[in-house]
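Down below is the structure, laid out as structure tokens.
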Amino acid sequence: MRYSEMHLPTLREIPSDAEVISHKLMIRAGMIRKLTSGIYSYLPLGYRVIRKVEQIVREEMNKAGAQEVFMPMVQPAELWEESGRWVHYGKELLRFRDRHERPYCLGPTHEEVITDLVRNDVKTYRQLPLNLYQIQTKFRDEVRPRFGVMRCREFGMKDAYSFDADEEGAQNSYEKMFKAYNNIFRRCGLRFRPVEADSGSIGGKYSHEFMVMADSGEDAIVFCEKCSYAANLEKAEIAQPAKKNIPEKDMLPLESVHTPNARTIEEVSAFLKVKPENIIKTLIFNADGHPCAVLIRGDQEVNEIKVKNYLGAGELELADDEIINKATGAPRGFAGAVNIKTRVIADYSIMNMINFVTGANKQDYHLKNVNVGRDFQVEAYADLRVVEENDSCPRCAGKVKFARGIEVGHVFKLGTKYSKAMKAVYLDKDGQEKTMIMGCYGIGISRTVAACIEQNHDDQGIVWPVPLAPYHVIITPVNVNDKSISDVAENLYNKMQDEKIEAILDDRDERAGVKFNDADLIGIPLRVVIGQKNLALNKVELKIRQTGENKLIAVDEIVNEVKEYVNKVFSSAE
RNA sequence: CGGGGCGUAGCGCAGCUUGGUAGCGCGCCUGCUUUGGGAGCAGGAUGUCGCAGGUUCAAAUCCUGCCGCCCCGACCA
């Protein structure tokens, strides 16, 4: 493509409303423009990159046996009522009515539509397994869109749905997708990592997130420094410590102490001159209307998702003052497990604690030298806390570390959540009616592009990995008014066209500096510079964007050189 | 939804405190010069100062209401 004919409005100034680097660069490089909060248009350059990602996704999905479909974005409320999500999905689901006042929504995801589609046509085990996918625009009415296309309301997504006859098949489908996702992100040239994740409200029990590693990422990742264990912060498990026997004789006599206005761990710790590690924090939760006390060491945090999962609760929140008063007989800040009127569960962190401090269930009093067993019983010890860096790995003897990442893909085992609610059934070999087992698999296409830029940029602009680069090479004649220069440029451009090399010819009558800066900004991997001095030696310059490496190549050889560079990158990523 | 900030030319911003004919840089158009890292000179175009009311002889500037956008938090995946 000739630069002079391209719609490629690059910006010299940094847009004032952009926060993260990918957002700034996508706007400056003329890839996207904002229409309204969280909603973007893709300009030619940006859309080309989107299509590169889509193509890789298509190839790998097809290779994994999935088939492409295209479903509607506008969906009738009835389907969502059937699955139960019309009520449960919340405000992210953009709802509206048509002229007949019939309720509809814009699809934030397509479990309902695909399940309806499949249940109507799939009747027998002979038609299973089945995996259908689409690449389509989704709409989620995010509370707070931010970071450009990283967290927006309208975004491109690939979503796939698998249907299997039994658990074994479902596991197989999941593994195929897991493998396909690894291939996809590897081929995109990204540094990424699959991590174990909680499955959230979509349902199901088992999932992996694919995270692109980036310090600007919104998600915390926990990974083991020794083995391959990795999980997101909510999911990350903590190894169960060994139970030590505490001899009765080491337990000091229980003591009640006056602690006026000392409610928080910090206040109690300062007042009693006791380290937070020797205090037990007692949190009262409201789990589906039932109070439950959760005990944890004073310096650590409770992971509400773990508590919710342990209790099997639908809704979980910290109890309000009224419930706390009723359960403990004291205002907030003085709860303790001794003589409490609720269930008591405890995090592993307190399993081996001795002679600790807790609230006394009495205003302005705490208890010292409390001991489990002697002073109160716990219903169970469990893993209920938020991981910390250097905790022991749950899989091996290593320690866990933290990193940040951007979620670009997510694979779920859905089980029968939707197929059961929406009666997606088939007849098995014995003529028995059975419920299909589903999985769903998403990739944020637009987010992948942003994540790629987060990972691949420098002070000058974007540094595209070859597989996602909108073009592979840009030919830069230093002065288009010099005929000898522009003739060579035109000639090389034509040859590259013939060789199907994706090339831009920067035929603008601009100063060299402008062209160099634009080429760097839009991140084209290779730049062929044609200037008077080198041309006199019958040579042109080849600059590699990523390394800054600069070499002189004979005019006759440059096309081959470019071709080889590009092919080498592709063959190593396959 | 709570807290904060912003809205003036295509982009980035000043002007507002103290009311008096709307400015700067970049970009854009024309001409000449220049041509290997965002050129120079000369000339030029571009604004319902977010919207609606109000105060005033006079409002970008003061007052009220609304809208939009951004950031932090809550929420979500």
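Searching all strands for a Watson-Crick or G-U wobble partner of B/C11 with both distances below 3.5 Å returns B/G25. Base-pair partner of B/C41: B/G31 (Watson-Crick or G-U wobble, both distances under 3.5 Å). Under the Watson-Crick or G-U wobble criterion, with both distances below 3.5 Å, B/G2 is paired with B/C72. Base pairing of B/A60 is not made with any nucleotide, judged by Watson-Crick or G-U wobble geometry with both donor-acceptor distances under 3.5 Å. Taking a pair to require two hydrogen-bonding distances under 3.5 Å in either a Watson-Crick or a G-U wobble arrangement, B/C49 remains unpaired.
If you measure from atom CZ of A/Arg146 to atom C1' of B/A74, you get 10 Å, rounded to the nearest angstrom. In this structure, the CG atom of A/Asp458 is 14 Å from the C1' atom of B/G37, given to the nearest Å. As rounded to whole Å, 12 Å separates atom P of B/A74 from atom CD of A/Glu304. In this structure, the NZ atom of A/Lys308 is 12 Å from the P atom of B/C75, given to the nearest Å. For the pair A/Tyr89 OH and B/C76 C1', the interatomic distance rounds to 9 Å; values are reported in whole Å. One interatomic measurement links the two molecules: CG of A/Asp141 to P of B/A77, which rounds to 15 Å at whole-angstrom precision. For A/Asp17 and B/G68, the CG to P distance is 16 Å, given to the nearest whole Å. What separates CZ of A/Phe155 from P of B/C76 is a distance of 16 Å, to the nearest Å.
Taking the nucleotide of RNA chain B with the nearest heavy atom to each of A/Glu142 and A/Phe147, the more 5' of the two is matched to A/Phe147. Nearest-nucleotide positions on RNA chain B for A/Asp520 and A/Glu218 put A/Asp520 closer to the 5' end.
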Assess the residue pair A/Arg85 and A/Tyr418 against the criterion (side-chain hydrogen bond (donor to acceptor under 3.5 Å, both in side chains)); give the C-alpha distance rounded to whole Å, side-chain angles, the decisive distance to 0.1 Å, and a yes or no.
CA-CA 10 Å; A/Arg85 288 207 291 186; A/Tyr418 297 94; 3.0 Å; yes
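Taking only distance into account, the side chain of A/Arg28 meets the base of B/G38 through a donor-acceptor pair shorter than 3.5 Å. Side-chain atoms of A/Arg151 and base atoms of B/C76 include a donor and an acceptor less than 3.5 Å apart. Within 3.5 Å, a donor on the side chain of A/Glu13 pairs with an acceptor on the base of B/G25, or the reverse.
Counting only N and O atoms by type, the side chains of A/Lys413 and A/Gln171 include a donor and acceptor under 3.5 Å apart. Using a 3.5 Å distance cut-off with no hydrogens or angles, the side chains of A/Asp159 and A/Gln134 do pair a donor with an acceptor.
Separating the P atom of B/U30 from that of B/G73 is a span of 49 Å, rounded to the nearest Å. Atom P of B/A58 sits at a distance of 15 Å from the matching atom of B/U21, rounded to the whole Å. For the C1' atoms, the distance from B/G23 to B/A9 is 11 Å, rounded to whole Å. Remark: the separation of the C1' atoms in B/C29 and B/C75 is 50 Å, to the nearest Å. Between B/A42 and B/C72, the distance separating the two C1' atoms is 50 Å to the nearest Å. Of the C1' atoms belonging to B/G19 and B/C63, the separation is 13 Å, rounded to the nearest Å. Between the P atoms of B/U18 and B/G2, the separation comes to 31 Å (whole Å). B/C1 sits 42 Å from B/U46 when the P atoms are compared, rounded to a whole Å.
Around NZ of A/Lys420, the count of heavy atoms belonging to other residues, nucleotides or ligands within 6.0 Å does not exceed 12. No more than 12 heavy atoms of other residues, nucleotides or ligands shown are found within 6.0 angstrom of NZ on A/Lys176. By the 6.0 Å contact criterion, CD on A/Glu389 is enclosed, its count of non-hydrogen atoms from other residues, nucleotides or ligands being greater than 12.
Dashed line: the shortest gap from a side-chain N or O of A/Ser37 to OP1 or OP2 of B/C70 is under 4.0 Å. One finds a side-chain N or O of A/Arg144 lying less than 4.0 angstrom from the OP1 or OP2 phosphate oxygen of B/C71. Listed pair A/Arg12 / B/G38 fails the phosphate criterion, with no side-chain N or O lying under 4.0 Å from OP1 or OP2.
Here A/Lys138 lies out of heavy-atom contact (under 4.0 Å) with every strand. If you check every strand for non-hydrogen atoms under 4.0 Å, A/Lys34 touches sugar and phosphate atoms only. Heavy atoms of A/Thr36 sit under 4.0 angstrom from primed sugar atoms or phosphate atoms, though from no base atom. As judged by a 4.0 angstrom heavy-atom cut-off over every strand, A/Glu209 is placed among residues making no nucleic acid contact. Across all strands, A/Gln460 comes closer than 4.0 Å to base atoms (heavy-atom distances).
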Which atom pairs link the protein and nucleotides 33-36 of chain B when you take only N or O atoms and keep those under 3.5 Å?
| unit_1 | atom_1 | unit_2 | atom_2 | d |
| --- | --- | --- | --- | --- |
| B/U34 | O2 | A/Arg511 | NH1 | 2.9 |
| B/U35 | O2' | A/Asn479 | ND2 | 3.3 |
| B/U35 | O4 | A/Asn481 | ND2 | 3.2 |
| B/G36 | O6 | A/Gly531 | N | 3.3 |
| B/G36 | O6 | A/Asn534 | ND2 | 3.3 |
| B/G36 | N1 | A/Glu541 | OE1 | 2.9 |
| B/G36 | N2 | A/Glu541 | OE1 | 2.6 |
| B/G36 | N2 | A/Glu541 | OE2 | 3.0 |

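Checked against the 6.0 Å centroid criterion, the rings of A/Tyr161 and A/Phe412 do not qualify as a close aromatic pair.
Of the candidates B/G38, B/C71, B/C76, the closest approach to any side-chain atom of A/Asn517 belongs to B/G38.
Classification of the A/Tyr174-A/His208 ring pair by plane angle, with boundaries at 30° and 60°, yields tilted. Ring geometry for A/His23 versus A/Tyr40: interplanar angle over 60°, hence perpendicular rather than tilted (30 to 60°).
A cation-pi geometry, defined here as NZ or CZ lying under 6.0 Å from the six-membered ring centre and within 45° of its normal, does not hold between A/Arg447 and A/Phe155.
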